[in-house]
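Within every chain, numbering begins at 1; the chains are lettered A, B, ... in the order of the sequence lines, protein sequences first and strands thereafter.
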Protein chains: 2
Amino acid sequence: MAELTTRNGDPFDRTLFESLLKRRLFYTESFEIYRTSGNLKGDSRGLYDYGPPGCALQSNIVDLWRKHFVLQEDMLELDCTILTPEEIFKTSGHGDFLRADHLIEAVLGARLKGDKAARGIAGEGDKADSAGKKKKKGPKVSDIKAMKQEDSVVAEYEEVLAKIDNYDGPELGQLIEKYDIRNPDGDTPVSPPVPFNLMFKTTVGPSSASPGYLRPETAQGQFLNFKKLLDYNQNSMPFASASIGKSFRNEISPRSGLLRVREFLMAEIEHFVDPEGGKRHPKFDLVKDLQLSFLDRATQLGGKTSLHKTTIGEAVTSRMVDNETLGYFLGRIYLFLLKIGVDANKVRFRQHMANEMAHYATDCWDAELQTTYGWIECVGCADRSAYDLTVHSKKTEEPLVVRESRREPLKVEEWQIDINKPKLGPLFKKNAKAVEAALSSLSQSERESLATTLEENGIVSVTVPEMAEQVEIFKNLISIVKRTRIENIREYIPNVIEPSFGIGRIFYSLLEHVYWHRANDPARGVLSLPISVAPTKVLIVPLSTHQDFVPLTKKFAEDLRGLGISCRADESSASIGKRYARNDELGIPLGVTIDFDSVKNGTITLRERDSTKQVRASQEEVFGAIECLISGKEKWEDVFARLPEFLGQSGDD
Amino acid sequence: MAELTTRNGDPFDRTLFESLLKRRLFYTESFEIYRTSGNLKGDSRGLYDYGPPGCALQSNIVDLWRKHFVLQEDMLELDCTILTPEEIFKTSGHGDFLRADHLIEAVLGARLKGDKAARGIAGEGDKADSAGKKKKKGPKVSDIKAMKQEDSVVAEYEEVLAKIDNYDGPELGQLIEKYDIRNPDGDTPVSPPVPFNLMFKTTVGPSSASPGYLRPETAQGQFLNFKKLLDYNQNSMPFASASIGKSFRNEISPRSGLLRVREFLMAEIEHFVDPEGGKRHPKFDLVKDLQLSFLDRATQLGGKTSLHKTTIGEAVTSRMVDNETLGYFLGRIYLFLLKIGVDANKVRFRQHMANEMAHYATDCWDAELQTTYGWIECVGCADRSAYDLTVHSKKTEEPLVVRESRREPLKVEEWQIDINKPKLGPLFKKNAKAVEAALSSLSQSERESLATTLEENGIVSVTVPEMAEQVEIFKNLISIVKRTRIENIREYIPNVIEPSFGIGRIFYSLLEHVYWHRANDPARGVLSLPISVAPTKVLIVPLSTHQDFVPLTKKFAEDLRGLGISCRADESSASIGKRYARNDELGIPLGVTIDFDSVKNGTITLRERDSTKQVRASQEEVFGAIECLISGKEKWEDVFARLPEFLGQSGDD
């Protein structure tokens, strides 16, 4: 991979870049004064605070996300709790079937078997499993490869397995890391789904009998509310819910700055769609001609990473992307990323390998952003099929289904059993109900064969689980007939397309994309953030600390805030060029200079960050231009064309 | 207290009101399908999800808060982590000095002493403490009142004290509740500060050696970043930081719906101010003439709750409110509450009693909103003095101070010790440094007396902690002289004024304030939310399900969303009146009706929720009016005056 460069072709210097972000308080390690003074005994890594410019940038990104998705797509936004009882994650599969101890047992056990196979001692079989320990129900590790291990490794594995019950959650996490234990459904790293011990555990309420976890994603709250949401949406399909909030993963070793942290902001969408009819999307036409860079499964299987540029329409037609709805969201994700300022040349959509996806997923694509840490997964977009609603529905016996009137009633030919209850009841007395249940649970093929028997022999034998023996039923008690049933209502469990945004990763990658420095001077860093997400919109700089400028500076700041425009006044005694330079580091797109002419005739200059060009006009005209630039009604080129250029001291040379 | 009424004088029916909120999905109990199906074994109360209208209302309130405070006041917003290591809370006083077991011991012990005093057996003294248990360092309970307890109560207390070490956190919480244990600094309920066992505990990272807690407030993150914030603010004082985020308290018994919950959204401001000069505020004049309803300390001490209506200016001048900055924020809080739609007649500012405040607080006022649950504390506004910065600074040895150039240099007369190092060094060899340190740590009065001794005897004795005996120093080694030192820099720890908003409580109380029902018909509930916070701004209702209306409905919805305006189309077959009524329940302020004239000539009607009045005009005019109403440029009265009234079928009779 060629070395990454900034937008003006300089090599990207991450040390310089990260030092700018920390120096200007975009973010900082949490509890830093405790850490540096040696007052934190334990592990508190992977936790970051966002300072004023970072917090504003983050909240502007979230704001645009809400407008781009929730408002434009009429989604139903929810705010669900972070605290979640254990039962929910057991059902959703975040816990039980991936109990970390079981997983480690299964994987290390399989490796030992593979080792024995390679050593030709396969006959000894399950030694590790039978070493005095009851075998637990664990995940299946299907492919045991004959592969010899070092003797010392074998000894180590056997020791771990022997004392597997003695490790606590965090220690199990360390073993997973140490031995590179992967998910059973293929070869994915263990996350997601997140085993219990990678979730933060706590206790809810006064009794320790209520274990709870900090959610590792916002999705489950949305699934649990599906029925109410469908009702709120007046039973109309398709629809999407959305949620923005903090999620948590107790990473064993947080690293790469903001990219692998323990507490992070997520924005997730659950789009509920009818699984029949090809998952078409009514607004697909709006995105179908967008060209994206795809890295599909086949290419990766061939060991390559070359990107395939094509339209979303073509990608769906060729079935590279599974369906229209998935394709629609890839397009919307791409448009969102461009809107906030991501470099279009540093975005790719990578398809998950079959063994990389959850077992229930139909297809999954990640929007990855190129950074100095490599290609970073910033948005996942998965077709989760009907998995989540199905498991929660099964557990709670709450029907999480859509019931729709059929346009054309459906005709179903089926064998029906008519029971002569007045006769059957007295005959079987207290067992009557059980007999009826056994009859109605018969399958269509069983019914058909019983119908023949009944017709031929006048009697059938039926197994009733509650009764010891088979029950004989004469033809005066039941009749089995083939009839046509008309179904006016269709009932189905929707499938879910889930675009899931890691806001912190987007935040960091975006900042890498917009960072550069002027004229070979690494000390003059600039963050070319679009005006819509820039933390502060306008910088106000009086020419000097002269007292005449103080009231005007104050007035302009108040006027701008009155218009709802965030601004920052830099009244320090540093030179004007220096003040512009240090506020370029904050990505402030517009600058207003107050000089002696401003005091005399009320005119001010307006400077654009990237070009450093300036215009000069009255306060009213300049403020009007600022409003147009922020609302998107005008671009800088328009303003520069219509207002007179100012060539006085720019301080930008 | 007179029964609460709605805005049009009907008695307030909370059952009806809460059923509306839940039915329309403003909020719902979390995990409800698990709860109702009996799948939650433990305690998961006090956790609520906000549905689409609730989530939008909450986010609009937060948005206005950010504009009203962060933008208008140029505050530095932070986003700090929820996860916080134990050490931080130990320092801030959320834990150590309030260890729940110590607290219970101290309080019950004191009650037993009081009982003994009342029974005249004071001589037996510390029996409870000496009952075989080492006395722990605990909070002081200064006032032991002679007061006889029931014999059974005495026995119970003694039993609890005997086994105090055996209770776990939650059990201690129950004891605190059961015996009504109050904070040691007076008589406040135990929260805040929150004892460890009322915080949710978890473990950070792979080792169990790193206990962490979910923050019970956002404040600590702001204090820990003080130095960086001051630097970001170019060392300029005063300034404020702000933070919006989830906080958590493991309430023993959550109750009163959204009012006492375990996970909640807070918005907090920490305004840092110079403690000298009376804590004046530069913008005080903007609020000084606002009239508020005060319930001050003196009135409460007199056993009354009558409100004292006066201006903030008067309240500060009379010293009822401690200082200008505190008064300024009371005014800003009041203006914010009115802006979001709180009923001015249901707001009061209640002063904390001396024993209700934290020991370090100078003054504290709560903005309370009147609801059917009584007066609810929704915003606290406390002067926390320099407490937090002082304790964190002491713990970390990081100077959390402001250093300012003095306008007038300060002249300090002081005794200085000049050491003749070339002679003292060789004389004391390896102890030379210790001697020097001992000399420079001498106080001014010690120096003065030593100067006299040295002058008279030519020798002085000095205690050097590192050396066994007193050291004798001759006058050839040191001289002690009085000089005038000029201090150009002033260094101080700022005081903190903390307005702290419970968004969930404000959310609920606001909804009570805006709820009413039309014309004696409890089934026709209305939420008269101001347009700025209303979850959805515009309802679109086609006259019927006629196919001709479908494209127009779709177009209007898209056009409005294109303008950034949230809307909802109700295309169901219910009557138009019924559709308006059910969307009044969602607080949608504006309604657009599409009828056959719309199809013919493009005109539409615009309905205002509270008056149910309608106007009719072209799409362009109506959408223009909608934009003006949302931006606040026009009020409904203006629109109603300038556009022709529509008296056709309103459906609102």
Selection from Y27(A), F248(A), Y50(A), Y232(A) maximising heavy-atom pairs under 4.5 Å formed with chain B
Y232(A)
Proximal component of A574(A), with respect to chain B [non-hydrogen, under 4.5 Å]:
neither
Among L83(B), T536(B), T202(B), L25(B), residue most engaged with chain A (heavy-atom pairs, under 4.5 Å)
L83(B)
Heavy-atom closest pair (F26(A) atom, E585(A) atom, distance to 0.1 Å) is CE1-O, 3.7 Å
Chain B shares the most heavy-atom pairs under 4.5 Å, among L76(A), L224(A), I82(A), with I82(A)
So for L586(B), is it side chain, backbone, both, or neither that comes closer than 4.5 Å to the heavy atoms of chain A?
side chain
Are any of the side-chain heavy atoms of N39(B) and F31(B) separated by less than 4.5 Å?
no
Residue, of E398(A), H392(A), M75(A), E263(A), that accumulates the most heavy atom pairs under 4.5 Å with chain B:
E263(A)
Determine the option with the most heavy-atom pairs under 4.5 angstrom with chain B, choosing from G38(A), S236(A), P52(A), S37(A).
P52(A)
Side chain to side chain contact (heavy atoms under 4.5 Å, CB included) between F223(B) and L389(B), worked out:
CA-CA 6 Å; F223(B) 298 133; L389(B) 293 181; 4.3 Å; yes
Do S572(A) and Q234(B) have a side chain donor and acceptor closer than 3.5 Å?
no
Does L229(A) form a side chain to side chain contact (heavy atoms under 4.5 Å, CB included) with L78(A)? I'd like the steps, not just the answer.
CA-CA 9 Å; L229(A) 290 170; L78(A) 296 177; 3.7 Å; yes
SB check E87(B) K395(B) (cutoff 4.0 Å)
no
Look at D43(B) together with R262(B) and state whether they make a salt bridge at an N to O cut-off of under 4.0 Å.
yes
Looking at R23(B), E558(B), R24(B), K41(B), which makes the most heavy-atom pairs under 4.5 Å with chain A?
K41(B)
Output, in order, the C-alpha distance, side-chain angles, deciding distance and verdict of side chain to side chain contact (heavy atoms under 4.5 Å, CB included) for L230(B) and N235(B).
CA-CA 5 Å; L230(B) 180 64; N235(B) 273 299; 3.6 Å; yes
Taking every non-hydrogen atom, the tightest pair across S393(B) and P399(B):
OG-CA, 3.9 Å
Using a cut-off of under 4.5 Å for heavy-atom pairs, which of C80(B), S243(B), G51(B) has the most such pairs with chain A?
C80(B)
With no hydrogens and no angle check, just 3.5 Å: does a side-chain donor-acceptor pair link Y34(B) and T91(A)?
yes
Among E397(B), E32(B), Q72(B), which has the most heavy-atom pairs under 4.5 Å with chain A?
Q72(B)
Only pairs of heavy atoms separated by less than 4.5 Å count here; which of T28(B), T36(B), I33(B) has the most with chain A?
I33(B)
Side chain, backbone, both or neither: which part of N225(B) has a heavy atom under 4.5 Å from chain A?
side chain
Proximity breakdown for R35(A) and chain B, heavy-atom pairs closer than 4.5 Å
neither
Part of P53(B) within contact of chain A (heavy atom distance under 4.5 Å):
both
If you tally heavy-atom pairs under 4.5 Å against chain B, which of R568(A), R66(A), Q220(A), E571(A) wins?
R568(A)
Tabulate below the donor-acceptor pairs under 3.5 Å that side-chain atoms of residues 54-65 of chain A make, not counting sequence neighbours, or state none.
from	atom 1	to	atom 2	distance (Å)
Q58(A)	NE2	D79(B)	OD2	2.8
N60(A)	ND2	A56(A)	O	3.2
N60(A)	ND2	V533(A)	O	3.1
N60(A)	ND2	A534(A)	O	3.1
D63(A)	OD2	K67(A)	NZ	3.3

Is I244(A) close to chain B through its backbone or its side chain, or both, or neither, when contacts mean heavy atoms under 4.5 Å?
neither
Just wondering, do T84(B) and M199(B) contact through their side chains at under 4.5 Å, heavy atoms?
no
Using non-hydrogen atoms only, which part of E77(B) is less than 4.5 Å away from chain A: side chain, backbone, both, or neither?
both
With respect to chain A, which residue among I565(B), L400(B), L47(B) yields the maximal number of heavy-atom pairs within a distance under 4.5 Å?
L47(B)
Atom group of S30(B) that falls short of 4.5 Å from chain A, counting heavy atoms
side chain
